[in-house]
*Asks:* 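Structure in structure tokens, see below.
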Amino acid sequence: MELKEKVALITGSSRGIGKAIAIELGKMGATVIGADINQEMANEIDVYVKEHGFQGQGIVMDVTNPDSITAALDVIRQKYGAPAVLINNAGITRDNLMLRMKPEQWQAVINTNLTAAYNVSQACLRDMVKARWGRIVNMASVVACIGNAGQANYSASKAGLIAFGKSLAQEVASRGITVNAIAPGFIETKMTQALTEAQRETLLQTIPMRSIGEPIDIANAVGFLVSSKASYITGVTLHVNGGMFMA
Ligand code: NAP
């Protein structure tokens, strides 16, 4: 129960990797605040928070909208106290080859995957600094390091997120706050359901473990990074990818 009496905010956590992280942090004793983009998704979070008997709730927070972030944080602070753990997990893809990529596809991905981490981290940081303790984990991707045809926007956003975290880690290390990234390989979620069987087969050939990861593989890594076992680790990117890329 390492996170007892700590509030953990996980963005984009109605399903997939975010949901697995929220459940893992709840098991570690945290008050789980699962945020997602609309009320229907926040309700889904409420359901699993209750099912597991955790403290906390689902809340609506559009991470691209500063007003929505402020409104959600006002409620969280008032009901539970300020988040001490922040997992910037919300992310989207809008894949296209560069020659066809529309400005909206570029901008949407940069806004949701990169600018949102700035928005939410800044909104949570003052309280962490005051408390002299905090944990921020940014959800990057293996493609931040190896690139991926059709994902210039997504890979740029995730590489930006890694560099953002390294800079922030340097700024706040002396305040007891660590900032790390996780770079998942391919994980079984709605985001990867779009792969055809043929694409899946080709992909598996590039993964030495010959399997696609599960959300729990990422949640376990987050659990480690926010635990006291990782208290001297900051500014790193932990690769969780079955061996497909070895940093
Ligand atoms: P997912 O199933 O698509 O879940 C992402 C969640 O974020 C969704 O609930 C989504 O809601 C939400 N979201 C999107 N825009 C948002 C916004 N503006 N404000 C708040 N929430 C928002 O994705 P996942 O596969 O679990 O991925 C989680 C994270 O891991 C992402 O950052 C992703 O880039 C990263 N990642 C995933 C993989 C993988 O293989 N799955 C690999 C590497 C990295 P909507 O459905 O409404 O958009």
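Position 1 is the first residue of the sequence; numbering continues from there. Both ligands and their constituent atoms are indexed starting at 1 by order of listing. No experiment lies behind these values; they were computed from the predicted model shown.
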*Asks:* Less than 3.5 Å between some nitrogen or oxygen of Thr192 and one of ligand 1, yes or no?
*Replies:* no

*Asks:* Starting from atom 16 (C) of ligand 1, which protein heavy atom do you reach first, and at what distance in Å?
*Replies:*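 Going by distance alone, atom 16 (C) of ligand 1 is nearest to Ile37 CD1, 3.8 Å.
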
*Asks:* Quick one: which ligand 1 atoms are inside 4.0 Å of a heavy atom on Gly16?
*Replies:*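 That gives atoms 26 (O) of ligand 1.
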
*Asks:* Tell me the nearest of Lys19, Arg15, Glu40 to atom 3 (O) of ligand 1, using heavy-atom distances.
*Replies:* Arg15

*Asks:* Starting from Ile37 and following side-chain heavy-atom contacts under 4.5 Å between hydrophobic residues (I, L, V, M, F, W, Y), which residues can be reached?
*Replies:*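 Besides Ile37, the hydrophobic cluster comprises Met41, listed by chain and residue number.
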
*Asks:* Is it the case that atom CD in Gln205 sees more than 12 heavy atoms from other parts of the structure closer than 6.0 Å?
*Replies:*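 Count over threshold, so yes.
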
*Asks:* Can you tell if the side chain of Trp133 reaches within under 4.5 Å of the side chain of Val85, non-hydrogen atoms only?
*Replies:*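 Yes. Closest side-chain heavy atoms under 4.5 Å.
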
*Asks:* Consider every N or O of Ile187 and every N or O of ligand 1, then say whether any pair is closer than 3.5 Å.
*Replies:* yes

*Asks:* Examine the proximity of ligand 1 to Met61 and report which part, side chain or backbone, both or neither, has a heavy atom under 4.0 Å away.
*Replies:* backbone

*Asks:* Decide whether an N or O pair under 3.5 Å exists between Ile17 and ligand 1.
*Replies:*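 Yes, at least one N or O pair falls under 3.5 Å.
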
*Asks:* Under the salt bridge (charged side-chain N to carboxylate O under 4.0 Å, His left out) test, which residues partner Glu188, sequence neighbours left out?
*Replies:*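 If we apply the salt bridge (charged side-chain N to carboxylate O under 4.0 Å, His left out) test to Glu188, skipping adjacent residues, the hits are Arg200.
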
*Asks:* If you have a sec, work out which protein heavy atom is nearest atom 19 (N) of ligand 1 and how many Å separate them, to one decimal?
*Replies:* Val63 N, 3.0 Å

*Asks:* Taking the side chain as C-beta and beyond, is there a heavy-atom pair between Asn89 and Ile17 under 4.5 Å?
*Replies:*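 They are in side-chain contact.
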
*Asks:* Kindly check if the number of other-residue, nucleotide or ligand heavy atoms within 6.0 Å of CD (Gln199) is above 12?
*Replies:*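 More than 12 within 6.0 Å, yes.
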
*Asks:* Please name the residue in the list Ile69, Val63, Asp67 that meets the side chain to side chain contact (heavy atoms under 4.5 Å, CB included) test with Asn65.
*Replies:* Asp67

*Asks:* Please check whether Phe186 reaches ligand 1 - meaning an N/O of the residue sits under 3.5 Å from an N/O of the ligand, judged on distance alone.
*Replies:* no

*Asks:* Pull out every atom of ligand 1 sitting under 4.0 Å from any heavy atom of Ser14, numbered as shown with elements.
*Replies:* 9 (O)

*Asks:* Are side-chain heavy atoms of Ile177 and Val129 found at a separation under 4.5 Å?
*Replies:*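 When only atoms from C-beta onward are counted, Val129 and Ile177 do touch, with a gap below 4.5 Å.
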
*Asks:* For the residue pair His52 and Tyr48, categorise the inter-ring angle as parallel (less than 30°), tilted (30 to 60°) or perpendicular (more than 60°).
*Replies:*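 Perpendicular, since the angle between the ring planes exceeds 60°.
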
*Asks:* Using distance alone, decide if ligand 1 has a nitrogen or oxygen within less than 3.5 Å of any nitrogen or oxygen in Ser141.
*Replies:* no

*Asks:* Taking a cutoff of less than 4.0 Å between a non-hydrogen atom of the residue and any ligand atom, is Asp36 in contact with ligand 1?
*Replies:* yes

*Asks:* Would you kindly specify which portion of Asn113 sits under 4.0 Å from ligand 1, judged on non-hydrogen atoms: side chain, backbone, both or neither?
*Replies:*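 The answer is neither; Asn113 stays 4.0 Å or more away.
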
*Asks:* Quick one: does Tyr154 get an N or O within less than 3.5 Å of an N or O on ligand 1?
*Replies:*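 Tyr154 vs ligand 1: N/O contact under 3.5 Å present.
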
*Asks:* I'd like to know whether CZ of Arg132 has more than 12 heavy-atom contacts from other residues, nucleotides or ligands below 6.0 angstrom.
*Replies:* yes

*Asks:* Should the proximity of Thr112 to ligand 1, defined as any heavy atom under 4.0 Å, be assigned to the side chain, the backbone, both, or neither?
*Replies:*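 The side chain, only.
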
*Asks:* If you measure from each non-hydrogen atom of Asn89 to ligand 1, which part falls under 4.0 Å: side chain, backbone, both or neither?
*Replies:*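 Both backbone and side chain.
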
*Asks:* Among protein heavy atoms, which lies nearest atom 42 (C) of ligand 1, and at what distance?
*Replies:* Gly185 O, 3.0 Å

*Asks:* Contact between Ser68 and ligand 1, counting heavy atoms under 4.0 Å?
*Replies:*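 Judged by the 4.0 Å heavy-atom criterion, Ser68 does not count as contacting ligand 1.
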
*Asks:* Could you check atom 22 (C) of ligand 1 against the protein and tell me its nearest heavy-atom contact, residue, atom and distance included?
*Replies:*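 Checking every protein heavy atom, the shortest distance to atom 22 (C) of ligand 1 gives Ala90 CB, 3.7 Å.
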
*Asks:* Of all the non-hydrogen atoms in the protein, which one sits nearest to atom 45 (P) of ligand 1, and at what distance?
*Replies:*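 Here the closest protein heavy atom is Met41 CE, 3.7 Å.
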
*Asks:* Determine, considering heavy atoms only, which of Asn111, Thr189, Asn241, Ile92 sits nearest to atom 48 (O) of ligand 1.
*Replies:*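 Minimum heavy-atom distance to atom 48 (O) of ligand 1 goes to Ile92.
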
*Asks:* Restricting to non-hydrogen atoms, name the atom on Ile92 and the atom on Asn113 that form the minimum distance, rounded to 0.1 Å.
*Replies:* N-OD1, 3.0 Å

*Asks:* Using a plain distance cutoff, I'd like to know if Asp62 has any nitrogen or oxygen under 3.5 Å from a nitrogen or oxygen of ligand 1.
*Replies:* yes

*Asks:* Among all protein heavy atoms, pick out the one at the shortest distance from atom 6 (C) of ligand 1; state its residue, atom name and that distance to 0.1 Å.
*Replies:* Gly12 O, 3.4 Å

*Asks:* Salt bridge check, Arg77 against Asp127: does any charged N sit closer than 4.0 Å to a carboxylate O?
*Replies:* yes

*Asks:* Quick check on Glu40: does its CD atom have over 12 non-hydrogen neighbours (other residues, nucleotides or ligands) under 6.0 Å away?
*Replies:* no

*Asks:* I'd like to check which ligand 1 atoms, numbered from 1 as shown, lie under 4.0 Å from a non-hydrogen atom of Thr64.
*Replies:* 18 (N)

*Asks:* Is there a heavy atom in Ala140 that sits closer than 4.0 Å to ligand 1?
*Replies:* yes

*Asks:* With a cut-off of 6.0 Å (strictly less than), are more than 12 heavy atoms of other residues, nucleotides or ligands near CD of Glu44?
*Replies:* yes

*Asks:* Would you find more than 12 non-hydrogen atoms of other residues, nucleotides or ligands less than 6.0 Å from Arg210 atom CZ?
*Replies:* yes

*Asks:* Could you list which atoms of ligand 1 come closer than 4.0 Å to a heavy atom of Met139?
*Replies:*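 With Met139 as reference, the close atoms of ligand 1 come out as 29 (C), 30 (O), 35 (C).
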
*Asks:* Can you tell me the protein heavy atom closest to atom 5 (C) of ligand 1 and the distance?
*Replies:* Gly91 O, 3.9 Å

*Asks:* Just to confirm my output: which protein heavy-atom neighbour is closest to atom 23 (O) of ligand 1, and how far is it?
*Replies:*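 Heavy-atom neighbour on the protein nearest atom 23 (O) of ligand 1: Met191 CE, 3.9 Å.
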
*Asks:* Heavy atoms, side chains only, cut-off 4.5 Å: are Leu238 and Leu225 in contact?
*Replies:*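 They are in contact (side-chain heavy atoms under 4.5 Å apart), so the answer is yes.
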
